[in-house]
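What follows is a single structure, written as structure tokens, with notes after it.
Computation of the quantities below employed the complete heavy-atom set of this structure, encompassing side-chain atoms and omitting hydrogens, waters and symmetry-equivalent molecules.
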Amino acid sequence: MPRCTPLFALLFAALTSTTASANVPRTPTSPSQPPSDAAMDAAHAAYAQQWDTAIEQSRSGNTLAALIAMERLMDNPLLADFDAERRGRAAQIAGWTAAMQKQPALARRYLQLALLALPGDASILTTLVSLDLNDDQPAAAVEHLTQALARADSPLAIDHHTVSYLQYHLREQPAQRMALLQALFDNGWKSAGTEPTGLWLELATLQADNGRGDAIPTTLARIDTPAELIRLRSDKRFDRYVDRHDARFDPVKAAQRHLDALRVSGLLDGDLDARLVDFSSTLLMLDRNEEVLGLTDTLAEAAAEGQSPSAANAEWLAWLLNSRIAALRRLGRTDEVLATAKLAARIGALGPDGLEHQMNVAFVLSSLGQAQEAGAAIATLTDLSGYGRAAQAVIQFAAARQRGDAAAAAAARAVIIAQRRDARLFHREMLLEEGDLDGAAAVLIEQLRSPLERSDALASLQDMRVYPSLPGDVRIDSAWRALKQRADVQAEVSRVGRIERYDLVGSATSR
């Protein structure tokens, strides 16, 4: 399950685009309270100055003092003399400040007052999204975000983890999920500055499954990345729209085009961001592993020496190190793979994806044939989603089987079975670990028949360039290859899609 820790930095970003000052004109705009003399004029000026001071306190981090002042200011009748824009912004930042002080009811009251002043304002609605997430109200967050996207006059600065979390929340609600994706698409939203082609593929898939074929060509026009093109080509739902003989839909050519575009847009400014991670991932697809090492050598050395990036850079540095792990593994430098995975986990802990990198250490240990160490590493992880618990259990299952601990294996198996609806991937991997090809085939066929999971299943079945399996993966990779060749699996693939061969390396590397 995608994780999302609601970050009020999102609100701060929205608020910094609004006017910081609460100053009002010398002549009040409310006809109900006309100024009678210079004293009233001075009262308005003093009131506006108090707002400026409180807003500055809030933005500088002193939200407790700011909220104390803002509660008094919000109750002052002079607030009615602000014009609608300033009244709305004052209430908005008061709501944000109350949220920072963990007073959600007060925050929501102030934000609703802000919307009364500025109906449908995208910035206020975006502020409500973060409050909804902090209150664990994803349905309200979806509603407010969809409204904000529709009303915004430019792409909204919505964190990609927030979008991932809401997409997961809507996984069983295709109509609502399609509406949110369409709103993001129409808004021109970018994921950490990059075109979210994976989300647009999900949108196109929902359009295909829900009678919106007329919208698919427009959606596909924004999909030009190699992994997504492979998925389009493999899925018969898109046969009407994808000419597999057209260079536009050639994944190898697309990978090179994408690499060139990223080099121009991302590398020239030297920023450590999502574009650089995308660049490294595309190099890996093209099997240009030495270039990945060259790209990450200096960064890895600095991290190994104990240097820590900013929180903003930690997310992307950790994923760059993850690309480095794959390159080292392919070049046979397996003695460096585990150390780099641990380095990525240390750096990743400074960003929003720390748990994924901690889990990756366990999966690396398992692939290296160190099953017991993998089980010990992953046992320390707590507060996991159902999907995360299944991932944890599949590592523990393999470790228990290796040491002959039937009770521990049964306990891990029970966890996986309990989560199999949301984690069919790990259910299938467990069955492969057991050597139960009949059971694994049944799960894979179920995935192929699922509109939601078909794309992932077909992608995993494509014939890519592969490397020899690592010691801990030899048996399960062999079982996977046998599974692919089964007549029942091949028949279901032929019904819903196809398997093609590509001169690219997939993310699984040895499959």
- Item | side-chain contact (heavy atoms from CB on, under 4.5 Å) between Ile93 and Arg59, intermediate numbers included | CA-CA 9 Å; Ile93 200 165; Arg59 287 179 169 166; 3.6 Å; yes

- Message: salt bridge (charged side-chain N to carboxylate O under 4.0 Å, His left out), that's the test. Do Asp121 and Arg89 meet it? Break it down for me.
- Response: CA-CA 10 Å; Asp121 181 84; Arg89 297 305 169 207; 2.7 Å; yes

Q | Derivation and outcome, side-chain contact (heavy atoms from CB on, under 4.5 Å), residues Arg346 and Ser308 | A | CA-CA 9 Å; Arg346 180 179 73 79; Ser308 295; 3.4 Å; yes

Could you walk me through whether Tyr168 and Asp422 satisfy the side-chain contact (heavy atoms from CB on, under 4.5 Å) test, starting with their C-alpha distance in whole Å, then the side-chain angles of each, then the deciding distance to 0.1 Å, before giving a yes or no?
CA-CA 10 Å; Tyr168 182 81; Asp422 290 334; 3.8 Å; yes

Might you work through the side-chain contact (heavy atoms from CB on, under 4.5 Å) test for Glu195 and Ile223, ending with a clear yes or no?
CA-CA 8 Å; Glu195 192 75 51; Ile223 300 175; over 6 Å; no

Derivation of the salt bridge (charged side-chain N to carboxylate O under 4.0 Å, His left out) call for Arg449 and Glu446
CA-CA 5 Å; Arg449 290 175 179 172; Glu446 190 177 9; over 6 Å; no

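Nearest heavy-atom pair, Asp135 versus Pro104, reported as atom, atom and distance to 0.1 Å: OD1-CB, 3.4 Å. The heavy-atom pair separating Gly386 from Gln419 by the smallest distance is CA-OE1, 3.2 Å. The two residues Ala274 and Ala192 make their nearest non-hydrogen contact at CB-O, 3.6 Å. When every heavy atom of Asp278 is checked against every heavy atom of His258, the shortest pair comes out as OD2-NE2, 2.9 Å. In this structure, Gln92 and Ala114 approach most closely via the heavy-atom pair N-CB, 3.7 Å. Taking both residues in full, the closest heavy atoms of Ala54 and Leu73 are given as CB-CD1, 4.2 Å, listed atom of the first, atom of the second, then distance.
Between Ile347 and Pro309, some side-chain heavy-atom pair lies under the 4.5 Å cut-off. With a 4.5 Å cut-off on side-chain heavy atoms, Leu199 and Leu181 count as touching. Between Leu431 and Arg413, the closest side-chain pair of non-hydrogen atoms falls below 4.5 Å. Contact check for Gln147 versus His144: side-chain heavy atoms found under the 4.5 Å cut-off. The side-chain heavy atoms of Arg231 and Thr225, taken from C-beta on, include no pair separated by under 4.5 Å. For the pair Thr296 and Thr340, the minimum side-chain heavy-atom distance is 4.5 Å or more. A 4.5 Å side-chain heavy-atom check between Asp353 and His161 finds at least one atom pair inside the cut-off. The closest side-chain heavy-atom distance from Arg329 to Ser367 is not below 4.5 Å.
Scored by the side-chain hydrogen bond (donor to acceptor under 3.5 Å, both in side chains) test, Asp260 finds Gln256, Arg263 as partners (sequence neighbours excluded).
Side chain of Arg233 to main chain of Phe249: a donor-acceptor pair is present (N/O by atom type, distance under 3.5 Å, no hydrogens or angles). A donor-acceptor pair under 3.5 Å is absent between the side-chain atoms of Ser130 and the main chain of Thr127, judged by distance alone. Between the side chain of Asn187 and the backbone N or O of Ala150, no donor-acceptor pair lies under 3.5 Å. With Arg177 contributing its side chain and Leu170 its backbone, the two residues share no donor-acceptor pair below 3.5 Å. Distance alone, capped at 3.5 Å, is enough to place a donor-acceptor pair between the Gln462 side chain and the Arg498 backbone.
Between atom OG1 of residue Thr205 and atom CE of residue Met178 there is a gap of 11.5 Å, rounded to the nearest 0.5 Å. The CG atom of Asp456 sits 12.0 Å away from the CZ atom of Arg454 when rounded to the nearest 0.5 Å. Here the straight-line distance linking atom CD of Gln167 with atom CD of Glu202 works out to 6.0 Å at 0.5 Å rounding. Atoms CD1 and CG, on Ile230 and Leu458 in that order, are 12.0 Å from each other to the nearest 0.5 Å. Atoms CG and CD, on Leu149 and Gln182 in that order, are 11.0 Å from each other to the nearest 0.5 Å. Atom-to-atom distance recorded for Leu483:CG and Trp480:CH2 is 5.5 Å, nearest 0.5 angstrom.
Of the charged side-chain nitrogens involved, at least one lies within less than 4.0 Å of a carboxylate oxygen, so that Glu172 and Arg421 count as a salt-bridged pair. Using a 4.0 Å cut-off between charged side-chain N and carboxylate O, Asp246 and Arg248 make no salt bridge. Ion pairing between Asp132 and Arg108 holds under the 4.0 Å rule for side-chain N and carboxylate O. Salt-bridge formation is not detected for the pair Lys236/Asp239: no Lys NZ or Arg NE/NH1/NH2 atom is positioned less than 4.0 Å from an Asp or Glu carboxylate oxygen.
Relative orientation of the Phe82 and Trp51 rings is tilted, given thresholds of 30° and 60° on the angle between their planes.
Counted by atom type alone, Arg428 and Gln447 present one or more donor-acceptor pairs between their side chains at under 3.5 Å. Judged purely by distance below 3.5 Å, without hydrogens or angles, the side chains of Glu315 and His160 pair a donor atom with an acceptor atom.
For the side-chain contact (heavy atoms from CB on, under 4.5 Å) test with Trp200, the passing option among Asp224, Leu184, Leu220 is Leu184; the others fail. Each of His427, Glu429, Arg389, Gln392 was evaluated against Ile416; a single residue qualifies, His427, per the side-chain contact (heavy atoms from CB on, under 4.5 Å) test.
Counting non-hydrogen atoms of other residues, nucleotides and ligands closer than 6.0 Å to CZ of Arg151 gives a total of 12 or fewer.
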